[in-house]
There are 2 protein chains.
Amino acid sequence: MSQFMGTHQNQLDGKGRVSIPAPFRALLKAADGSVRLVLRPSHKRPCIEAWPLPAFEALSAPLQRLDLFSEEQDDLAVALFADAFPAEADKEGRVVLPERLKLHAGLGSLVTFLGLGRTFEIWEPGAAERHVASVRARIAERRPTLPGGGA
Amino acid sequence: MSQFMGTHQNQLDGKGRVSIPAPFRALLKAADGSVRLVLRPSHKRPCIEAWPLPAFEALSAPLQRLDLFSEEQDDLAVALFADAFPAEADKEGRVVLPERLKLHAGLGSLVTFLGLGRTFEIWEPGAAERHVASVRARIAERRPTLPGGGA
DNA sequence: TGGGAAACATTGGGATAGCATGGGCAATGA
DNA sequence: TCATTGCCCATGCTATCCCAATGTTTCCCA
């Protein structure tokens with residue numbers, strides 16, 4: 001598997017840790033064996049966005065220009081970095097979810113991982129289910145075509 | 001972590017010292033173990049800009065060319081250097097914030113560190129929160145997605 | 001086809017190290 | 001001499017790491 005796929009459900013323990021689903025963990029593993037990612041509150045949905053470190057770095061690369069006087073750059077930097085949390089998995093493949101992000105996503109003791117290809121999202125299970133259902137409904141009525149796809 | 005990320009909150013003690021958040025401190029640490037940075041009042045916002053020494057040097061390098069003598073260069077040099085404070089952390093990773101900068105940022109006994117990737121900013125907590133909120137609002141209306149965003 | 005065994009994934013808890021913070025002491029300058 | 005600044009040591013707390021156990025799935029073999 002080279003992309004985050006499927007839906008997984010794991011448990012938050014008393015210390016705020018969750019096991020990253022094993023298939024996802026394999027994708028996150030760096031050459032040195034470390035499993036690093038960046039967690040952010042989604043700005044559009046009540047969930048946590050999870051970025052593999054390389055993907056996040058690619059995303060933020062355009063903001064690294066030494067440009068002191070661009071307001072737009074400043075804004076983007078704040079939006080991107082100020083509420084991002086770096087995370088590294090322990091030896092068992094668990095990460096600690098920061099309190100703020102748990103609140104944002106309304107997490108209880110069960111969490112759902114939604115694979116999204118290059119990234120994945122962490123949801124409260126009920127909210128995840130509703131979200132997926134509504135997305136499916138929207139797609140059914142809109143009938144979008146995949147770029148480069150078949151018919 | 002290779003970039004300043006996240007929001008941290010620490011306390012100013014009676015002597016005007018603050019602990020630099022540990023993740024930031026790790027990024028600031030030079031080869032010789034020293035933790036040096038440059039503090040400046042932001043010209044656009046009521047906060048303190050904090051630059052790692054190497055980043056500040058890179059920023060100012062273009063101004064150091066001796067063959068450039070324009071008024072604009074002079075102005076930039078003044079703006080950059082005139083109110084910049086060099087700072088070095090003590091053994092516990094704390095720095096003393098100059099009185100002038102504390103006033104500029106309106107700091108009380110609690111301070112908020114905003115990670116911005118290459119640099120970070122030091123804010124009065126309430127002001128920081130309002131600032132981040134307004135930035136988010138501005139971005140939401142200006143640009144629905146971050147560059148390259150979404151999976 | 002069924003049973004058994006082994007590997008893996010997720011979860012739990014205890015110990016350790018590091019962080020933020022407070023206070024005291026010495027050096028410096030007024 | 002006094003006030004102020006900077007350095008160093010000490011402490012409580014928290015987060016992190018490490019070790020251990022259980023349940024599940026997969027694979028292999030009879």
Side-chain angles (χ1 to χ4, degrees), chain A residues 1 4-30 32-39 50 53 84-103 107-115 120 122-123 125, chain B residues 1 4-29 32-37 39 50 85-103 107-115 120 122-125 128:
Chain A
M1 171 164 95
F4 299 101
M5 289 186 213
T7 302
H8 307 261
Q9 205 165 93
N10 279 332
Q11 207 151 12
L12 260 176
D13 66 17
K15 297 183 178 179
R17 301 174 293 187
V18 229
S19 285
I20 299 171
F24 288 10
R25 204 185 306 158
L27 273 178
L28 292 168
K29 195 169 241 167
D32 62 356
S34 69
V35 175
R36 294 156 158 270
L37 41 83
V38 174
L39 302 174
L53 196 56
F85 291 82
E88 180 162 4
D90 64 19
K91 203 160 47 173
E92 285 72 37
R94 291 177 292 194
V95 291
V96 187
L97 298 184
E99 193 62 30
R100 180 188 312 206
L101 295 183
K102 285 197 286 185
L103 285 174
L107 297 185
S109 66
L110 270 181
V111 302
T112 292
F113 293 77
L114 282 188
F120 60 94
I122 300 175
W123 287 76
Chain B
M1 176 163 87
F4 297 102
M5 286 187 212
T7 302
H8 306 261
Q9 207 165 90
N10 280 332
Q11 209 151 11
L12 262 175
D13 67 16
K15 298 183 178 179
R17 302 174 292 186
V18 230
S19 286
I20 300 172
F24 289 10
R25 204 185 306 159
L27 276 178
L28 291 168
K29 196 168 239 165
D32 63 357
S34 68
V35 174
R36 295 157 162 274
L37 41 82
L39 301 174
F85 291 82
E88 179 162 4
D90 65 18
K91 201 160 48 172
E92 284 71 37
R94 293 177 290 195
V95 291
V96 184
L97 299 182
E99 194 61 29
R100 181 194 305 208
L101 295 183
K102 283 197 286 186
L103 286 175
L107 297 185
S109 67
L110 270 181
V111 302
T112 292
F113 294 77
L114 276 192
F120 60 94
I122 300 175
W123 287 76
E124 189 280 323

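Within every chain, numbering begins at 1; the chains are lettered A, B, ... in the order of the sequence lines, protein sequences first and strands thereafter.
- Put simply, the side chain of B/Asn10 never gets that close to the backbone of B/Val18: no donor and acceptor are under 3.5 Å apart.
- Between the P atom of C/dT11 and the CG atom of A/Leu12 lies a distance of 9 Å, rounded to the nearest Å.
- Listed candidates were C/dC19, C/dG23, C/dT11. Nearest to the side chain of B/Arg17 is C/dG23.
- Put simply, CE on A/Met5 and CG on A/Leu114 are 14.5 Å apart, with the number rounded to the nearest 0.5 Å.
- Rounding to the nearest 0.5 Å places NE2 of B/His8 at 12.0 Å from CD1 of B/Ile122.
- The line from OG of A/Ser34 to CZ of A/Arg36 is 5.0 Å long, rounded to the nearest 0.5 Å.
- Distance CD (A/Gln11) to C1' (C/dA9): 13 Å, rounded to an integer number of Å.
- One interatomic measurement links the two molecules: CG of A/Asp13 to P of C/dA9, which rounds to 18 Å at whole-angstrom precision.
- Within a 6.0 Å sphere centred on CZ of B/Arg25, other residues, nucleotides and ligands contribute more than 12 heavy atoms.
- Listed by residue number, B/Glu92, B/Arg94 are the residues of residues 88-97 of chain B with a heavy-atom contact under 4.0 Å to DNA chain C.
- Heavy atoms only, all atoms of each residue included: A/Lys102 and A/Gly16 are closest at NZ-CA, 4.0 Å.
- Within a 6.0 Å sphere centred on NZ of A/Lys29, heavy atoms belonging to other residues, nucleotides or ligands number 12 at most.
- Under 4.0 angstrom from either OP1 or OP2 of C/dT21 there lies at least one side-chain N or O belonging to B/Asn10.
- Note on A/Ile20: only backbone sugar-phosphate atoms sit closer than 4.0 angstrom, heavy atoms only; bases stay farther off.
- Of all nucleotides in DNA chain D having an atom under 4.0 Å from a heavy atom of chain B, the first and last in 5' to 3' order are D/dG6 to D/dC9.
- Using a 30° and 60° split on the angle between ring planes, B/Phe120 and B/Phe113 fall in the tilted class, from 30° to 60°.
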